[in-house]
Amino acid sequence: MSKIKASTALVNTLKNWDINHVYGIPGDSIDTIVDALRAEQEAIQFIHVRHEEVATLAASSYSKLTGKIGVALSIGGPGAIHMLNGMYDAKMDNVPMLVLAGQVPTSVANTKYFQEVDLPTLFADVAVFNKQIESAETLPDIVDEAIRTAYEKKGVAVLTIPNNIPLTEIKNTVKPKREVYEQIKPEIATETIARAAELINSAKNPIILAGVGTKHAKETLVQFSEHTKTPVIISLPAKGVMPDTHPNFLGNLGKIGTKPAYEAMQEADLLLMIGNDYPYTDYLPQHDVTCIQIDIDPSKIGHRFPATVGIVGDAKEALTALIETTDYIAKREFLEASQENMANWWKWLREDQAKTGTPIAPEAVMASIQKIAEKDAIFSIDVGTSTVWSTRYLQLDHQNDFLISAWLGTMGCALPGAIAAKYAFPNRQVIALAGDGGFSMVMQDFVTAVHYKLPMIIVVLNNKELSFIKYEQQSAGELNYAIDLPDINYADFAESCGGLGFRVEKFEDLEIAFEAARTAKRPIIIDVVVDSNAAPLPGKIVMDEALGYTKFEIRSVLEDHRFSKMPPLKTIIRRFF
């Protein structure tokens, strides 16, 4: 039997799993694997990013978009440490990832060698599969097991590979074959469907809270909602599972959710939690209600809210069964009242988006994005005020994708997500939205998009501050401190990287910039100077937040000897009462 380098066997295993690109940065302890990737560059493209955090954030985003495993690599020591943020994003959003981390040669292991870090210990919390390779002969089998485990457990598999091991020649035992992971769906118990149907049939005010577990069941979710005349609320990362314009849709729930969603949730007598593990229990019904929870993971049943009936199984299969076993409802007063409430909400949002003044309202920027967005556009959204404006004002349909760092909530995720989106779907429009705080954390990798000729639109909401944190401080009754950012011209930066850049400081220039972006063939940054006093208020202001804002105003007068500019009273009244 012929012999090949262990690094070649590793790459052949990646090919068997239909892995066609890897994000990372080359370096001494991983270069042997990079060299093997070079030999197979027609099958697997190596995307050289500028920071390892971007590599894992992009890999995580790729998996969220496609369901396929994302792959990243780096040297050991500092490079491996940099990868942790994106690895935790994948772990917390339950998507498969493979990380290949270099390590010092085995001959100097445990000698406090240059860049030697105990990587298995470092990765112990983040990984579902975590091994340091000790034998070249076992490398391909362990790679195969790592990938399979990442798929099965929807998490991060990490291999720490001492530099000498990939160089070793081993028997060529890796045969070309098509490896496909298929999740085994638990069989849904018919008695749980029957019990759930009884509860649904007898409910007066049912409400649906849908999560990412319904992404593959979008049409079925709509059918069930229409069949039972039940309003639908979503968790943030599930944006798009129900068209924003559907009459039964009430938006998302929580601090950046809608007022109608909050109010309908508190009036519900039956909660259907479908494919989510919603953590903000204060926004769930605060009175005794029956609850039906559908989840493919039995450990999620009753985790956040007591489940009267737990249906373990695939959301699409469960909803299909419930459509067949529940009564058709022709009219429901609770839905009609919710729809009326939502109509008022949309009226308020349209008023916000119609603002034409300077400084530019972020809501008006969302209207400009909506005008140029294609039907199947992918939106990659950063964490901060950009999350609020996009979630609240952008109207998505089933053809769109919405990328966000949901559970980790890490700033700097929008640009890596946009890069991943272009590799996942090169023919679709990609629009990233970030604040200047989040974008400046990873801005160096805009040059990665330019280098690989990835047309995308990056919209930077530039208010020269950490705006979301400003309002967090205020709502907690704290004075604003350490939130200011320098005034960077991100349009000039884009041009210096070889991309296109537009700096928009006046409302009347918005349309020119976005029309240019629509047809741009290169990565483009639209740097919009937005109103720093635009407040990302909660959809529903609760009493604790109102008291916090009051405390902040009192402290501003007593300690800073000034009145702070507050959001318009009309907006506050609408959100509070």
Visitor: Indicate whether any N or O donor in one side chain lies under 3.5 Å from an N or O acceptor in the other, for Glu179 and Asn16.
Guide: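 The criterion, which ignores hydrogens and geometry beyond distance, is not satisfied for Asn16 and Glu179.
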Visitor: Backbone N or O of Ala406 within a donor-acceptor pair of the Asp93 side chain at under 3.5 Å?
Guide: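 Such a contact is found between Asp93 side chain and Ala406 backbone.
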Visitor: Under 3.5 Å, sequence neighbours excluded: what are the donor-acceptor pairs made by side chains of residues 149-159?
Guide:
from	atom 1	to	atom 2	distance (Å)
Thr149	OG1	Glu145	O	2.8
Tyr151	OH	Ile69	N	2.9

Visitor: Ignoring hydrogens, what is the shortest heavy-atom contact between Ala238 and Gly211? Give both atom names and the distance.
Guide: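 Smallest interatomic distance, heavy atoms only, reads CB-C, 3.5 Å.
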Visitor: Measure the shortest side-chain to side-chain distance between Phe123 and Leu84 over non-hydrogen atoms and say whether it is less than 4.5 angstrom.
Guide: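 Phe123 reaches Leu84 side chain to side chain.
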Visitor: Verify the distance criterion only: is there a donor paired with an acceptor across the side chains of His303 and Asp277 at less than 3.5 Å?
Guide: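 There is such a pair between these side chains.
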Visitor: Is there a donor-acceptor pair under 3.5 Å between the side chain of Gln266 and the backbone N or O of Gln286?
Guide: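 A pair under 3.5 Å: yes.
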Visitor: Measure from the side-chain N and O atoms of His227 to the backbone N and O of Ile329, and report whether any donor-acceptor pair falls under 3.5 Å.
Guide: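 Answer holds: no.
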Visitor: Please confirm whether the backbone N or O of Ile207 pairs with a side-chain atom of Thr230, one donor and one acceptor, at under 3.5 Å?
Guide: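 Checked: no pair found.
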Visitor: Say whether Ser405 and Asp89, considering side chains only, have a donor N or O and an acceptor N or O under 3.5 Å apart.
Guide: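 Yes.
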Visitor: Any salt bridge between Asp401 and Lys64, counting N to O under 4.0 Å?
Guide: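 No, Asp401 and Lys64 are not salt-bridged.
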Visitor: Determine whether a donor-acceptor pair (N or O, by modelled atom type, separation under 3.5 Å) exists between the side chain of Thr56 and the backbone of Met83.
Guide: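 Confirmed, Thr56 side chain pairs with Met83 backbone.
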Visitor: Side chain of Lys422, backbone of Arg428: donor and acceptor closer than 3.5 Å?
Guide: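 Pair found, side chain donor or acceptor close to backbone of Arg428.
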Visitor: Please work out which of the three classes, parallel, tilted or perpendicular, describes the rings of His21 and Tyr23, given edges at 30° and 60°.
Guide: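 Tyr23 and His21: perpendicular rings.
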Visitor: Any donor and acceptor pair, going by atom type alone, linking the side chain of Ser61 with main-chain N or O of Leu57 inside 3.5 Å?
Guide: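 Checking the backbone N and O of Leu57 against the side chain of Ser61, a donor-acceptor pair under 3.5 Å is found.
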Visitor: Does the Gln103 side chain pair with the main chain of Val117, one donor and one acceptor, at a distance under 3.5 Å?
Guide: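 Answer holds: yes.
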Visitor: Which heavy atom of Tyr423 sits nearest a heavy atom of Gln45, and at what distance?
Guide: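 Nearest pair, atom of Tyr423 first, then Gln45: CE2-OE1, 3.3 Å.
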Visitor: Hydrogens and angles aside, do Asn276 and Ser235 bring a side-chain donor and acceptor to less than 3.5 Å of each other?
Guide: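 Short answer, no.
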